Enquirer: 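Sharing a structure below in structure tokens format, with a few things to ask.
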Amino acid sequence: MSDRPSFILFITDQHRADYLGCYGHPVVRTPHIDAMAARGTAFDRFYVASPVCMPNRASLMTGRMPSGHGVRFNGIPLSQRNVTFVELLRDAGYDTALIGKSHLQTFTGIAPVLTPPEARPGYHKAGGALREAVRHDFAAPLYHVEEPDFWSGEMPAVPVPFYGFDHVELVTGHGDHVGGDYTRWALARDPDLGGKMGAKNQLPHDYTCPQAVRTAIPPELYSTSYIAERACAWLEARRDGDRPFFLMVSWPDPHHPFNPPGAYWDMYDPADMPVPAAFTTNDWTPPPHVAGVLRAREAGTANLQGMNAIGCTAREAQEAQALTCGMVSMIDDAVGRVQAALADSGRGERTVTIFTSDHGDHLGDHRLLFKGSEQYEQITRVPFVWADPQGEQGTRSDRLGQTLDIGATILERARIEQAWGMQGRDLLSEASAPKAVLIQYAHQARMDGLDVCPNIRTVRDARYRLSVFQGLGWGELYDLETDPAELRNLWDAPEAGPVKLRLLEQLMQAELAHAETAPAPVARA
């Protein structure tokens with residue numbers, strides 16, 4: 001049997017660090033993930049590289065910041081010029097598989113908001129490969145395998161290797177109206193499933209929260225169950241094998257629309273959920289980008305069915321929390337199924353299991369739902385649990401870490417060198433722990449409260465969070481030791497001047513530390 005360990009990476013969407021029992025949530029029940037934490041290490045200060053799906057998942061795969069791998073915001077596919085840590089595992093002989101959500105490419109098929117401008121009158125404008133400053137091949141079919149048109153073909157299948165994965169069973173989209181390989185599986189079990197998908201087919205309920213949808217799809221046919229079933233089958237096929245493997249089990253939940261199926265819908269009572277501090281604090285002055293979002297909701301102009309942050313009431317916040325807890329509990333049950341299949345396969349004692357998420361969700365904090373240009377802890381801080389049968393058990397770590405460090409830690413444990421230019425650190429090494437983490441965020445469209453397309457840099461150390469907004473005359477600075485709810489912006493506070501100056505220098509140093517070093521030099525000049 002190989003002396004290299006195997007790995008299972010459980011990853012969810014839009015899952016805050018505080019929405020697990022092992023992180024102290026007062027209501028949610030997550031016994032299987034809690035048990036994983038008891039068998040390993042839970043990291044209390046783990047942050048994303050970017051608080052949005054595509055950039056952060058690209059950072060997971062490449063071990064690099066968005067400014068390096070090129071996925072600056074949602075809507076840019078991950079170029080295959082990037083080397084992924086999964087490719088390095090595969091090169092070392094690992095059996096690799098992805099079951100569930102990828103989101104390394106666009107999956108809506110909707111045209112972008114941001115497009116290159118047309119030529120000015122009397123000016124020549126190059127076309128084709130010269131139209132943009134960096135040549136790319138994003139028009140090629142290999143960058144469109146997550147889109148609806150690809151899956152509308154006859155018996156489509158993801159071409160492999162796919163960013164290093166030799167086996168792929170894909171789920172695209174969110175909520176109960178998802179696609180990919182899941183659709184074929186679900187329709188084989190219920191040919192009428194299409195008539196049960198989406199808000200127009202939902203069951204009656206009395207929730208008022210935007211995007212609360214009581215799905216008519218039964219739990220056993222919901223995408224969370226599909227992903228768990230297929231992961232179990234993949235593990236069963238490797239029973240007693242000796243080839244090390246890496247399996248990514250990736251759920252689209254918890255995410256809006258809030259639609260936990262079956263008994264998971266009313267598993268939690270909204271009245272039991274805490275009312276966020278912003279609803280009970282009388283002297284809170286929202287920063288401009290948050291104030292703009294709240295004004296849009298009050299004026300009735302907010303897009304309640306979209307993806308960007310919207311304002312909400314206290315009751316809507318409690319409902320969103322309760323329904324999210326239902327989705328989290330369903331994922332926890334699915335984790336338990338996969339863990340049982342791993343144990344039954346005989347591979348458990350040589351397999352490291354990992355749990356994390358790609359970003360968070362407001363869930364009512366700061367009177368907001370969903371996510372946007374805000375950089376609050378609820379969006380940037382996610383769970384990270386590392387359970388190694390050969391490692392420490394039942395420990396907590398307050399070392400700072402990030403999504404781009406996951407691949408580096410897996411490669412270190414597998415005794416595989418990183419590719420030149422990868423920027424991740426070994427999370428298990430105290431010596432490599434940074435004093436602060438860098439977070440990059442951008443978006444291709446203007447948001448409520450901002451007159452520009454947001455481009456933000458954030459630095460987070462053990463105590464403070466500072467965010468700088470390009471093109472705006474203000475920023476954010478919070479002392480999370482004295483103000484954990486991030487309700488008092490110290491950006492212009494005279495007493496915070498020395499801290500602000502130090503963090504600005506730290507932000508600059510972090511940007512320098514994450515500057516591109518690839519490609520390697522080919523000679524001396």
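Computed from a prediction, not measured in an experiment: that's the story for all the values here.
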Enquirer: Measure the spacing between CD1 of Ile11 and CE of Met248 and express it to the nearest 0.5 Å.
Expert: 6.0 Å
Enquirer: Would you say the side-chain atoms of Asp483 pair up with the backbone N or O of Leu487, donor to acceptor, closer than 3.5 Å?
Expert: yes
Enquirer: Is it the case that over 12 heavy atoms from other parts of the model lie below 6.0 angstrom from the CD atom of Gln393?
Expert: yes
Enquirer: Where the side chain of Asn56 meets the backbone of Ala49, is there a donor-acceptor pair that is under 3.5 Å apart?
Expert: yes
Enquirer: When you measure from the side chain of Gln211 to the backbone of Gly306, do you find a donor-acceptor pair of N or O atoms at a distance under 3.5 Å?
Expert: yes
Enquirer: Do Gln470 side-chain atoms and Asn455 backbone N/O form a donor-acceptor pair below 3.5 Å?
Expert: no
Enquirer: Would you please name every residue forming a side chain to side chain donor-acceptor pair (under 3.5 Å) with Glu374, sequence neighbours left out?
Expert: His362
Enquirer: Looking only at side chains, do Thr403 and Ser59 share a donor and an acceptor under 3.5 Å apart?
Expert: no
Enquirer: Just do the side-chain hydrogen bond (donor to acceptor under 3.5 Å, both in side chains) check on Gln375 and Thr458 with the steps written out, would you?
Expert: CA-CA 8 Å; Gln375 304 288 289; Thr458 290; 3.2 Å; yes
Enquirer: Short question: side chain of Glu146, backbone of Phe107 - any donor-acceptor pair under 3.5 Å?
Expert: no
Enquirer: Does a salt bridge link Asp361 with Lys371, judged by any charged N lying under 4.0 Å from a carboxylate O?
Expert: no
Enquirer: If you apply the rule side-chain contact (heavy atoms from CB on, under 4.5 Å), what do you find for Tyr464 with Leu480, and how did you get there?
Expert: CA-CA 6 Å; Tyr464 296 95; Leu480 281 93; 5.8 Å; no
Enquirer: If you count the non-hydrogen atoms of other residues, nucleotides and ligands that lie under 6.0 Å from CD in Glu516, is the total more than 12?
Expert: yes
Enquirer: Considering residues at least two apart in sequence or located in another chain, which fulfil the ring-ring contact (aromatic ring centres under 6.0 Å, His included) criterion with Trp284?
Expert: His366
Enquirer: Checking side-chain polar atoms at under 3.5 Å, does Asn82 have a donor or acceptor matched by the opposite partner on Tyr163?
Expert: no
Enquirer: Is there a side-chain contact between Leu400 and Phe43 (heavy atoms, below 4.5 Å)?
Expert: no
Enquirer: Donor-acceptor pair, distance only, cut-off 3.5 Å: does the side chain of Thr301 make one with the backbone of Ala296?
Expert: yes
Enquirer: In terms of side-chain heavy atoms, does Ser397 have a donor or acceptor partner in Arg45 at a distance below 3.5 Å?
Expert: no
Enquirer: Validate the cation-pi geometry between Lys101 and Trp251: distance from NZ or CZ to the six-membered ring centre under 6.0 Å, angle to the ring axis within 45°.
Expert: no
Enquirer: Rounded to the nearest 0.5 Å, how far does CG of Leu170 lie from CG of Leu98?
Expert: 6.5 Å
Enquirer: Do Glu316 and Thr208 pair up side chain to side chain, a donor and an acceptor below 3.5 Å, judged on atom types alone?
Expert: no
Enquirer: Would you give the length of the straight line joining atom CD1 of Ile310 to atom CG of Asn303, rounded to the nearest 0.5 angstrom?
Expert: 8.5 Å
Enquirer: How close do Ser223 and Val171 get, heavy atom to heavy atom, and via which atoms?
Expert: CB-CG1, 4.3 Å
Enquirer: Looking at every heavy atom in both Pro219 and Gly262, which two are closest together, and how far apart are they?
Expert: CG-CA, 3.8 Å
Enquirer: Closest heavy-atom contact between Asp283 and Thr281?
Expert: OD1-CG2, 3.0 Å
Enquirer: Between Asp461 and Lys435, does any NZ, NE, NH1 or NH2 come within less than 4.0 Å of an OD or OE carboxylate oxygen?
Expert: no
Enquirer: Check the pair Asp253, Thr324 against side-chain contact (heavy atoms from CB on, under 4.5 Å), reporting the backbone distance first and the verdict last.
Expert: CA-CA 9 Å; Asp253 276 0; Thr324 295; over 6 Å; no
Enquirer: So, Phe73 versus His443, ring centres under 6.0 angstrom or not?
Expert: no
Enquirer: Can you check whether Trp265 and Tyr207 have ring centres sitting under 6.0 Å from each other?
Expert: yes
Enquirer: Can you confirm whether the side chains of Ser225 and Glu220 place a donor and an acceptor under 3.5 Å from each other?
Expert: no
Enquirer: Using the rule given for side-chain contact (heavy atoms from CB on, under 4.5 Å), can you reason through Tyr143 versus Leu104, listing the C-alpha separation, both sets of side-chain angles and the distance that settles it, and then say yes or no?
Expert: CA-CA 9 Å; Tyr143 289 110; Leu104 298 174; over 6 Å; no
Enquirer: Hey, what's the ring geometry for Phe469 with Trp474, parallel, tilted or perpendicular (30° and 60° as the breaks)?
Expert: tilted
Enquirer: To the nearest 0.5 angstrom, please state how far the OG1 atom of Thr353 sits from the CZ atom of Phe355.
Expert: 11.0 Å
Enquirer: So, using side-chain contact (heavy atoms from CB on, under 4.5 Å) as the criterion, who are the partners of Ala186 when residues are at least two apart?
Expert: Tyr182, Leu193
Enquirer: With no hydrogens and no angle check, is any side-chain donor or acceptor of Gln440 less than 3.5 Å from a backbone partner on Ile456?
Expert: no
Enquirer: Checking Asp426 side chain against Thr409 main chain: does a donor-acceptor pair fall under 3.5 Å?
Expert: no
Enquirer: Return yes if a side-chain donor-acceptor contact under 3.5 Å exists between Asp176 and Thr215, otherwise no.
Expert: yes
Enquirer: Asp405 side chain to Arg425 main-chain N or O, any donor-acceptor pair under 3.5 Å?
Expert: yes
Enquirer: Answer yes when Glu298 and Arg367 have at least one side-chain N-carboxylate O distance shorter than 4.0 Å, and no when they do not.
Expert: no
Enquirer: Can you tell me how far the OG1 atom of Thr108 sits from the CE atom of Met307, to the nearest 0.5 Å?
Expert: 9.0 Å
Enquirer: Indicate whether any N or O donor in one side chain lies under 3.5 Å from an N or O acceptor in the other, for Ser329 and Asp332.
Expert: no
Enquirer: Would a 4.5 Å heavy-atom cut-off, applied to side chains only, mark Val459 and Leu504 as touching?
Expert: no
Enquirer: Mind checking ring-ring contact (aromatic ring centres under 6.0 Å, His included) for His359 and listing every partner two or more places apart, or none if nothing turns up?
Expert: none
Enquirer: Do other residues, nucleotides or ligands put more than 12 heavy atoms under 6.0 Å from Glu430 CD?
Expert: no
Enquirer: Have Glu511 and His514 got a donor and an acceptor in their side chains that come within less than 3.5 Å?
Expert: no
Enquirer: Between Glu486 and Arg381, is there a salt bridge with N-O shorter than 4.0 Å?
Expert: no
Enquirer: Only pairs at least two apart or in different chains count here, so list each ring pair (Phe, Tyr, Trp, His ring centres under 6.0 Å) that has a residue in residues 45-72.
Expert: Phe46-Phe384
Enquirer: Looking at Ile379, Leu507, Thr380, which one forms a side chain to side chain contact (heavy atoms under 4.5 Å, CB included) with Ile439?
Expert: Thr380
Enquirer: Roughly how far, to the nearest 0.5 Å, is the CZ atom of Arg488 from the OG1 atom of Thr285?
Expert: 11.0 Å
Enquirer: Compute whether any side-chain donor of one residue and acceptor of the other, for Ser357 and Gln14, lie under 3.5 angstrom apart.
Expert: no
Enquirer: Could you check if a side-chain atom of Asp266 sits within less than 4.5 angstrom of a side-chain atom of Arg214, using non-hydrogen atoms only?
Expert: yes
Enquirer: Applying side-chain contact (heavy atoms from CB on, under 4.5 Å), run through Thr172 and Glu147 and close with a yes or a no.
Expert: CA-CA 8 Å; Thr172 62; Glu147 294 181 358; over 6 Å; no
Enquirer: Got a sec, which pairs hit side-chain hydrogen bond (donor to acceptor under 3.5 Å, both in side chains) with one end in residues 15-29, sequence neighbours left out?
Expert: Arg16-Asp18, Arg16-Asp365, Tyr19-Gln321
Enquirer: So does Gly75 get a backbone contact from the side chain of Gln444, meaning a donor-acceptor N/O pair under 3.5 Å?
Expert: no
Enquirer: Looking only at the side chains, is there a donor atom on one of Asp333 and Tyr264 sitting less than 3.5 Å from an acceptor on the other?
Expert: yes
